[in-house]
Amino acid sequence: MRKKIVAGNWKMNKNLAETGVLISELKTTLEQSSDAEIIVAPTFTNLYYAFEELKGSDIKVAAQNMHQAEHGAFTGEISASMLKSVGIEIVILGHSERRAYFGETDELLLEKVKTALKHDMTIIFCFGEELEDRKSEKHFSVVETQLKNALFGLDAASWKNIVLAYEPVWAIGTGETASPEQAQEMHAFIRSTIAKAFNDSIAEEVSILYGGSVKPANAKEIFAKPDVDGGLIGGAALDAESFAAIVNAI
Ligand code: PGA
């Protein structure tokens with residue numbers, strides 16, 4: 001059975017002291033073990049600290065990005081082996097903010113995916129259409145192309161390391177969320193696209209998270225949809241109580 005997952009993407013928020021506070025609040029608020037796998041993604045400088053603090057808890061730690069090269073003259077970048085060396089086994093790739101502000105293309109993301117797989121990391125792969133695409137009813141084809149370019153060339157065995165996060169760009173940080181029906185419709189489309197490109201068992205096993213203005217007030221309805229396996233949470237993950245409420249909505 002596929003996994004339920006709730007992941008908190010902290011983006012460029014929380015310094016070391018604030019990270020410490022949020023982690024200790026999460027440890028007490030999330031003390032009951034949940035049905036969902038719980039993941040938090042602090043910024044690079046706090047990954048090692050977060051990993052050490054959360055050792056032995058039910059909360060896993062992910063990175064928000066990584067570079068595709070193994071090592072070398074790439075000033076300011078972080079490699080897969082650096083992440084692994086501080087205990088990080090999960091990486092978010094392809095977030096729409098990376099695509100929009102840092103020029104990450106499907107081709108580049110394919111390189112990053114390959115490198116992460118080489119290091120046996122789990123990838124939370126983000127994709128989703130922009131508002132214009134939805135208005136012009138191109139959302140299905142945009143999503144299909146994003147998946148095809150970055151993931152459909154992989155071998156079937158790689159899919160055990162892949163988690164998908166459908167995040168319509170128009171719903172990220174805007175307070176605007178896809179309706180549960182819109183999320184379900186797209187998630188079902190994604191699953192059938194994967195079934196066609198690979199096979200039914202890969203399509204059935206892959207967890208597909210929804211992301212974009214998930215809050216305690218709307219999480220239950222969205223997570224109740226059969227093809228929605230959890231969420232990637234931005235703003236609401238920065239507060240322990242609201243993140244816990246979302247985890248409990250699974
Ligand atoms: P949001 O962000 O929940 O603040 O909309 C989601 C994301 O960017 O992953």
Side-chain angles (χ1 to χ4, degrees), residues 3-14 18-19 22 26 30 36-44 46-47 50 59-66 88 90-104 109 112-113 116 122-131 133-134 139 142-143 146-147 150 162-180 182-183 186-187 190 207-223 225 228-250:
K3 261 192 244 168
K4 302 267 185 199
I5 300 170
V6 179
N9 174 11
W10 295 0
K11 307 190 180 183
M12 198 175 73
N13 294 294
K14 307 281 177 193
E18 291 160 347
T19 296
L22 182 52
L26 285 174
L30 293 168
E37 181 170 309
I38 303 167
I39 299 170
V40 295
T43 192
F44 283 130
N46 299 327
L47 283 177
I59 308 171
K60 296 186 175 167
V61 182
Q64 299 174 17
N65 180 33
M66 54 161 249
I88 306 304
I90 309 170
V91 62
I92 298 172
L93 293 177
H95 191 278
S96 66
E97 288 148 18
R98 299 291 322 166
R99 294 176 189 255
Y101 306 140
F102 303 96
E104 296 200 1
L109 290 168
K112 292 193 177 199
V113 165
T122 294
I123 297 158
I124 301 178
F125 185 80
C126 306
F127 56 95
E129 82 282 3
E130 311 221 3
L131 187 57
D133 304 322
R134 187 161 276 268
H139 45 298
V142 166
V143 160
Q146 288 172 327
L147 291 174
I162 308 263
V163 171
L164 298 177
Y166 167 60
E167 299 203 302
V169 178
W170 48 273
I172 296 179
T174 57
E176 196 59 51
T177 167
S179 68
Q182 285 173 319
M186 183 58 90
H187 284 222
I190 293 163
S207 299
I208 310 178
L209 315 184
Y210 169 78
S213 297
V214 178
K215 308 282 177 225
N218 59 22
K220 214 176 179 73
E221 260 193 306
I222 296 171
F223 294 165
K225 293 295 178 192
V228 177
D229 305 309
L232 180 57
I233 320 300
L238 296 172
D239 174 78
E241 257 180 52
S242 72
F243 188 63
I246 292 170
V247 169
N248 291 333
I250 278 277

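As a basis for the values below, the full set of heavy atoms in this structure was taken, side chains included, without hydrogen atoms, waters or symmetry mates. Keep in mind that what you see is a predicted model, and the values were worked out from it rather than measured. Each ligand, and each atom within it, is numbered from 1 in the order the structure gives. Residue numbers run from 1 in the order of the sequence given.
- Each of the atoms 1 (P), 3 (O), 5 (O) of ligand 1 lies under 4.0 Å from some heavy atom of S213.
- Judged purely by atom type and a 3.5 angstrom limit, N248 uses its side chain to pair as donor or acceptor with the backbone of A244.
- Under a 3.5 Å cut-off, the side chain of S207 and the backbone N or O of K3 do form a donor-acceptor pair.
- In the vicinity of H95, heavy-atom distances shorter than 4.0 Å reach the ligand 1 atoms 7 (C), 8 (O), 9 (O).
- Side chain of N13 to backbone of G234: no donor-acceptor contact under 3.5 angstrom is found.
- Which parts of ligand 1 touch G212 is read off a 4.0 Å heavy-atom cut-off, strictly below it: atoms 5 (O).
- Counting heavy atoms under 4.0 Å from ligand 1, residue A171 touches it through the backbone alone.
- Closest to atom 3 (O) of ligand 1 among all protein heavy atoms lies G234 N, 2.9 Å.
- More than 12 heavy-atom neighbours from other residues, nucleotides or ligands sit within 6.0 angstrom of CD on E104.
- Distances from ligand 1 to the non-hydrogen atoms of K215 include no value under 4.0 Å.
- Residue G235 approaches ligand 1 through these ligand atoms, each under 4.0 Å from one of its heavy atoms: 1 (P), 3 (O), 4 (O).
- Geometrically, ligand 1 and E167 share a nitrogen or oxygen pair separated by less than 3.5 Å.
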Working for side-chain contact (heavy atoms from CB on, under 4.5 Å), residues F127 and I190: CA-CA 11 Å; F127 56 95; I190 293 163; 3.6 Å; yes

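- A distance-only check finds a donor-acceptor pair linking the side chain of D133 to the backbone of E130 [under 3.5 Å].
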